[in-house]
Amino acid sequence: MEHANTSFLPSLLLFLGAAVIAVPIFKRIGLGAILGYLIAGVAIGPSGFALFTDTTTIQHVGEIGIVLLLFVIGLELQLSRLLAMRKDIFGLGGLQLVVCALVIGGIAYSLGLPILGAAITGIALGLSATAIALQVLNERGELQAPYGQRSFAVLLFQDMSVVPILALIPLFSVEMARASHESNGLLNAAYMIGSIAMVVLAGRYLLNPLFRILASTQAREVMTAAALLLVLGTALLMQWAGMSMALGAFLAGVLLAESQFRHELEADIEPFRGLLLGLFFMSVGMDINGRLVLDNWLALIALALGLALVKSVSVAAVFRLMGSSRLDSLRSGILLSPAGEFAFVLIPLGASYGFLNGDQAAFAKALAALTMLFGPLIAAGSERLLRRFTPPEPMIEEDYSDAHGKALVIGFGRFGQVVSQVMRTANIETTIIDKDVEMIDVAARFGAKVYFGDGARLDVLRAAGAADARVIAIAIDNRADAVKIVEMVKAEFPLTEVYARAYDRQHVLALLTAGVDYHMRETFESALAFGRSTLEALGVDNMEAEEIIDDVRDRDARRIVAQQQGGIYAGIDLVNSKRLLKPEPLERPDTMGVTLNRDAINAAEEAKEDEETG
């Protein structure tokens, strides 16, 4: 009996051990955690060392990871964010998915798959790997680049589209088609509508008060339990009503997206989501038919590379049609070419409803896994080729003929907008350049003239009038480009003063080495102003608060000087040293003291006068 109670521990240790070994290795070589989980699953599954033979139970547990992932996606979909990116999300994202699904589905149908099976395969392989794409963008530091933002919008639409796709698949099944002709068809529809209405009403009127009560108990574990109860409860409700568990979790997330408890819930769910999602990918790897892969390895590799090519071309064509540059279109196409995480959800679901037979589903899953394996490698190699052989993308033909002024501001983001507003208020002629086309359009709607151009290019600086400007203000958030611009300006326009926005102390030191004339850390002065207001709220008078802030500012400047000479850890003694205050009595007297012996005072004054005259 004791053995039965503890028999799950060896399995748990095996799963954790396989993940701990495989995932760091794959992340280190740049292939990502997902492939690490997949390969770990293959290794311990029936196709590997056969340490596990029954994968069904593991898959059911792992599916909870997908449910939690959909909940977190729902939490991220705030209405304000959707409205700001609506054009790229719903226009570009929707067109990309439709085009890729049609092209890939058409190829699958021509290869012999039934029409519904080809449709499921086209949609499943038309989706892209969110985790891989975001990892590549983060490693390149290009998530905020134009193609990075548009690629993210496409991924966001794909994540959103999974929910209705999961809900619609059962409607096309043979069983659902038969049920629609029976008397209980309307009853099933009523269950679905009623369940969705119940979740919406509960989310609107019950969840916030409930979490407010739980938060007042100061018991964090109860909040975590409530978050899991919410997600799994709505998922189970949707499943009972005949829909997917993922739909319920997604609805719960969307309903809490604007809640004040959103970040707390996300933090509570995140550890479970990551671990269970990893378990899901391991179960997918365990379920890959090793015999099928070995028997068809040449065809699988050829089809995986062909799928990546077809998908890259399709995505690039859509991006190009929607206004992206040629280079950005190619980068986005290659970035989004691997099949996504939800392929391993949609394909088994399609097989469970009879759209695909067992061999077809196994082949499609193996194909999706191979595209994810090749994806990061193709992205890395193609980026080198694009940089080497692709000619520089022609810039927007911007007319700088009317660009003139004493100041040149590079960057029109949050920081640059405030700087430019100061210049306009002082009636100082200023030229502003930025390489974000959308930001330029926004500025135009507010009556600000911003020129398109990359401030890190010397020819753009010359055209924008850098040679005639008295001051060049660098307000961009790219630290490397900011240092590059300082070096370039100091070399080409030595008489022009360069002011730069700095990110942190290390960036300040790099800017000083490059020769910047003035720097300002983006949060330093605002933090000092915040601190001064805090002191005044605590009862410190205005004069003393100002002296304290001046002292902090002075010590910070002296520490920068020390760090220029001795490195980042120099001047550490200046961080926490306290200001020397003038000694004052412990209790201030109510009245000033007076001397009662007036004769003594007069005698002392006469003696002093005699000494001065004698």
Side-chain angles (χ1 to χ4, degrees), residues 139-146 148 327 383-384 387-388 391-393 395-396 398 400 403-420 423 428 430-436 439 450-525 556-557 559-571:
E139 289 175 353
R140 293 179 182 174
E142 294 180 344
L143 184 58
Q144 300 303 322
L327 183 59
E383 183 65 17
R384 295 191 184 96
R387 290 179 178 177
R388 183 173 181 179
E393 189 70 23
M395 306 294 287
I396 294 177
E398 185 67 73
Y400 290 99
H404 58 276
K406 299 178 181 178
L408 170 61
V409 177
I410 303 173
F412 197 67
R414 294 174 296 121
F415 196 93
Q417 289 171 20
V418 177
V419 174
S420 303
M423 299 298 153
I428 295 177
T430 305
T431 300
I432 310 168
I433 61 175
D434 197 292
K435 62 180 180 179
D436 188 340
M439 184 61 69
V450 180
Y451 296 89
F452 178 85
D454 184 357
R457 292 179 52 186
L458 181 59
D459 56 340
V460 172
L461 291 178
R462 290 187 186 279
D468 300 322
R470 290 179 55 184
V471 177
I472 295 178
I474 304 170
I476 60 177
D477 57 4
N478 188 308
R479 284 170 274 181
D481 281 353
V483 175
K484 177 182 176 182
I485 295 171
V486 174
E487 294 173 340
M488 195 160 37
V489 171
K490 283 301 177 183
E492 299 294 330
F493 318 109
L495 299 180
T496 303
E497 292 191 46
V498 184
Y499 285 28
R501 161 195 183 182
Y503 177 76
D504 55 14
R505 304 188 74 85
Q506 290 184 329
H507 192 207
V508 167
L509 296 175
L511 290 169
L512 289 171
T513 302
V516 73
D517 295 292
Y518 177 83
H519 60 82
M520 173 61 65
R521 273 170 288 160
E522 56 190 24
T523 58
F524 183 66
E525 285 296 330
D556 183 81
R559 187 180 169 209
I560 290 289
V561 174
Q563 288 174 324
Q564 283 185 273
Q565 304 296 326
I568 192 66
Y569 295 106

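Remark: Tyr503 engages no residue in a ring pair (Phe, Tyr, Trp, His ring centres under 6.0 Å) (not counting sequence neighbours). By the side-chain hydrogen bond (donor to acceptor under 3.5 Å, both in side chains) test, Lys490 pairs with Asp517, sequence neighbours left out. Checked against ring pair (Phe, Tyr, Trp, His ring centres under 6.0 Å), Tyr499 has the following partners two or more places apart in sequence or in another chain: Tyr518. Applying the side-chain contact (heavy atoms from CB on, under 4.5 Å) test to Val508 and every residue at least two apart in sequence or in another chain returns Ala502, Leu512, His519, Arg521, Ile560. Every side-chain contact (heavy atoms from CB on, under 4.5 Å) that Ala456 has, sequence neighbours left out, goes to Asp454, Asp481, Lys484, Ile485. In this structure, Glu497 has no salt bridge (Lys or Arg N to Asp or Glu O under 4.0 Å) partners at least two apart in sequence or on a different chain.
Taking the side chain as every heavy atom from C-beta outward, Leu511 and Val498 never approach each other to under 4.5 Å.
Taking CD of Glu492 as the reference point, atom CG of Leu458 lies at 5.0 Å (rounded to 0.5 Å). In this structure, CG on Asp556 lies 4.5 Å from CZ on Arg505, to the nearest 0.5 angstrom. Interatomic distance, Arg501 CZ to Asn478 CG, rounded to the nearest 0.5 Å: 10.5 Å. The distance from the CD1 atom of Ile410 to the CD1 atom of Ile433 is 4.5 Å, given to the nearest 0.5 Å. The line from CZ of Arg470 to NZ of Lys406 is 6.0 Å long, rounded to the nearest 0.5 Å. Interatomic distance, Phe493 CZ to Arg462 CZ, rounded to the nearest 0.5 Å: 4.5 Å.
Pairing each heavy atom of Asp434 with each of Phe412, the nearest pair is OD2-N, 2.6 Å. Nearest heavy-atom pair across Val516 and Ala500 is CG2-CB, 3.8 Å. Nearest heavy-atom pair, Gly411 versus Ala475, reported as atom, atom and distance to 0.1 Å: O-CB, 3.9 Å. The two residues Val409 and Gly416 have their closest heavy-atom pair at CG1-O, 4.4 Å. Counting all heavy atoms, side chain and backbone alike, Ala482 lies closest to Ile476 at N-CD1, 3.8 Å.
Salt bridge absent: Glu522 and Arg414 never bring a charged side-chain N and a carboxylate O closer than 4.0 Å.
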Apply the test side-chain contact (heavy atoms from CB on, under 4.5 Å) to residues Arg479 and Val483: give CA-CA distance (whole Å), side-chain angles for both, the deciding distance (0.1 Å), then the verdict. CA-CA 6 Å; Arg479 284 170 274 181; Val483 175; 5.8 Å; no
